[in-house]
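Report on the following structure.
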Amino acid sequence: MHRLKLISGHLCPGGSAELNRDLQRAECGSAAAASGRDSPDDVVVVHGRRTAIGRAKRGALKDTTPDELLSAVMTAVLTDVGLSPDRLGDVCVGNVLQPGAGALMARVAHFLSGFPESVPVYTVNRQCSSGLQALLNLADGHSVCCRVESMSLQSIGNPGDLTSRLSDVEKARDCLIPMGITSENVAERFGVSREKQDAFALSSQQKAARAQSLGRFDQEIVPVTTRFVDADGKQLQVTVGRDEGVRPGTTLEGLAKLRPAFTPDGSTTAGNSSQVSDGAAALLVGRRSVVEALGLPVLGVLRASAVVGVPPDVMGIGPAIAIPAALEKAGLTVADIDVFEINEAFASQAVYCVEKLGIPMEKVNPNGGAIALGHPLGCTGARQVVTLLNELRRRGRRAFGVVSMCIGTGMGAAAVFEYPGP
């Protein structure tokens with residue numbers, strides 16, 4: 001219930017103004033994706049790592065500061081490929097809850113990772129798509145894009161200084177609707193039943209449990225050794241290497257017993273909502289020409305991306321609008337995509353988006369999603385990209401994947417990636 005109280009205020013408030021540019025796509029996007037042609041200007045992903053996702057307030061990462069989480073993945077992603085940090089052109093960090101989008105925290109993590117002062121760093125807050133936005137911002141040269149969130153140490157709170165005129169404009173007023181209520185709005189407006197939501201939540205838990213048992217996340221996760229203060233106040237040293245939110249024993253019967261969390265007769269519960277979490281992820285990205293000149297591998301190619309606006313009171317429908325926009329830019333259709341990583345903010349909105357677009361369920365979050373793994377706000381987009389590209393590589397052939405999420409206050413984002421094959 002604690003995590004749902006946090007999610008209910010899940011506006012992902014950010015102090016920064018709207019970014020000057022929308023989610024961008026590689027200039028060669030549609031023609032290259034449809035034809036399979038490569039270009040020196042392609043934006044490519046070299047490598048990605050993430051921490052395990054901890055349960056906020058109660059998990060093993062609850063006392064770990066975000067700069068330490070960030071440093072762990074920043075260091076690992078460069079060490080793995082043997083790239084010196086002084087070869088980087090820029091570092092962009094996505095974050096939601098830290099003051100100033102984590103600008104100070106990001107620079108501290110930068111130096112903790114041994115990055116030189118000559119390499120610049122900046123932060124971005126596009127709320128729950130901050131992680132994806134960080135990747136899309138870094139199109140030139142070779143750069144590290146990172147995302148981090150500690151929802152244990154920095155809770156969702158005051159939305160900031162807003163005009164009293166806000167109440168006079170309906171859409172502006174709707175930006176303050178708690179996320180849990182927007183979930184109920186989606187369920188009621190589009191007829192997403194409690195049974196469908198619970199079935200989706202069960203599937204997420206089952207897929208995540210299977211992936212975890214098979215070790216599919218092992219190559220993604222950077223084990224983090226940190227301190228943990230237990231219930232008795234004793235400080236312990238622990239190493240965190242497994243996602244903590246996965247519940248293998250979840251059943252439909254158990255989910256059906258949970259009470260609605262936001263309205264007495266609602267359908268959104270603790271079991272069919274995303275988890276409040278701690279975690280970080282990092283990706284090394286750059287132009288193909290630069291990456292190949294450095295002799296680095298290409299794990300994935302960004303083929304197109306899009307960001308869209310939707311009504312704030314049903315913000316969860318964002319992926320249903322953003323995904324078609326990104327696919328159109330890539331010259332692809334739903335049928336061309338092998339894997340969809342759609343953030344599971346709530347089962348209500350995830351079910352709606354999947355059904356609206358006619359996506360076969362076997363293509364959706366094959367290793368589970370945020371209902372099982374957790375949703376550390378600023379980290380989620382990067383975590384999704386890391387998981388997606390590793391899943392496509394595991395399949396061993398050229399394939400396409402989509403990452404998408406809804407965004408608090410009424411937006412959606414999506415990006416199309418290609419795994420070029422072994």
Subject >> Presence of salt bridge, D338 and R395, under 4.0 angstrom >> reply: no
Original post:
F115 versus L78: any side-chain heavy-atom pair under 4.5 Å?
Top reply: yes
Original post:
Rounded to the nearest 0.5 Å, how far apart are CD of Q205 and CZ of R247?
Top reply: 6.0 Å
**OP:** Give the intermediate values and the outcome of side-chain contact (heavy atoms from CB on, under 4.5 Å) for residues L202 and D198.
**Re:** CA-CA 6 Å; L202 175 64; D198 285 351; over 6 Å; no
Original post:
Is there side-chain contact between T51 and D278, with at least one heavy-atom pair below 4.5 Å?
Top reply: no
Subject >> Heavy-atom check, side chain of R383 versus side chain of L373, under 4.5 Å >> reply: yes
Original post:
Within a radius of less than 6.0 Å around CD of E362, do more than 12 heavy atoms belonging to other residues, nucleotides or ligands occur?
Top reply: yes
Subject >> Side-chain ion pair, R303 and D42, N-O less than 4.0 Å >> reply: yes
**OP:** Tell me, yes or no, whether the heavy-atom count around R393 atom CZ, taken from other residues, nucleotides or ligands under 6.0 Å, exceeds 12.
**Re:** yes
Original post:
Does the side chain of Y419 come within less than 4.5 Å of E391's, by heavy atoms?
Top reply: no
Subject >> Contact summary for A106 and V121, nearest pair of heavy atoms >> reply: CB-CG2, 4.1 Å
**OP:** Report yes if some heavy atom in the side chain of F190 is under 4.5 Å from a heavy atom in the side chain of K356; otherwise report no.
**Re:** no
**OP:** Cation-pi check, R50 to F217: give yes when NZ or CZ is under 6.0 Å from the six-membered ring centre and within 45° of the ring axis, no otherwise.
**Re:** yes
Subject >> Residue pair R287 / P40, side-chain heavy-atom distance below 4.5 Å >> reply: no
Original post:
Is any side-chain heavy atom of L88 less than 4.5 Å from a side-chain heavy atom of L284?
Top reply: yes
Original post:
Within a radius of less than 6.0 Å around CD of E188, do more than 12 heavy atoms belonging to other residues, nucleotides or ligands occur?
Top reply: no
**OP:** Decide yes or no for L255 and T269: does some side-chain heavy atom of the first lie under 4.5 Å from some side-chain heavy atom of the second?
**Re:** no
Subject >> F340/L357 under side-chain contact (heavy atoms from CB on, under 4.5 Å): CA gap, chis, key distance, verdict >> reply: CA-CA 11 Å; F340 290 83; L357 298 179; 5.8 Å; no
Original post:
In this structure, which one of L302, V386, L388 forms a side-chain contact (heavy atoms from CB on, under 4.5 Å) with V403?
Top reply: L388
Original post:
With the threshold set at 4.0 Å, does a side-chain nitrogen-carboxylate oxygen contact exist between E170 and R173?
Top reply: no
**OP:** Run the numbers on D313 and R189 for side-chain contact (heavy atoms from CB on, under 4.5 Å), then give the verdict.
**Re:** CA-CA 11 Å; D313 64 331; R189 196 167 303 176; 2.9 Å; yes
Subject >> Closest approach of Q212 to D243 (non-hydrogen atoms, all atoms of both residues) >> reply: NE2-O, 3.1 Å
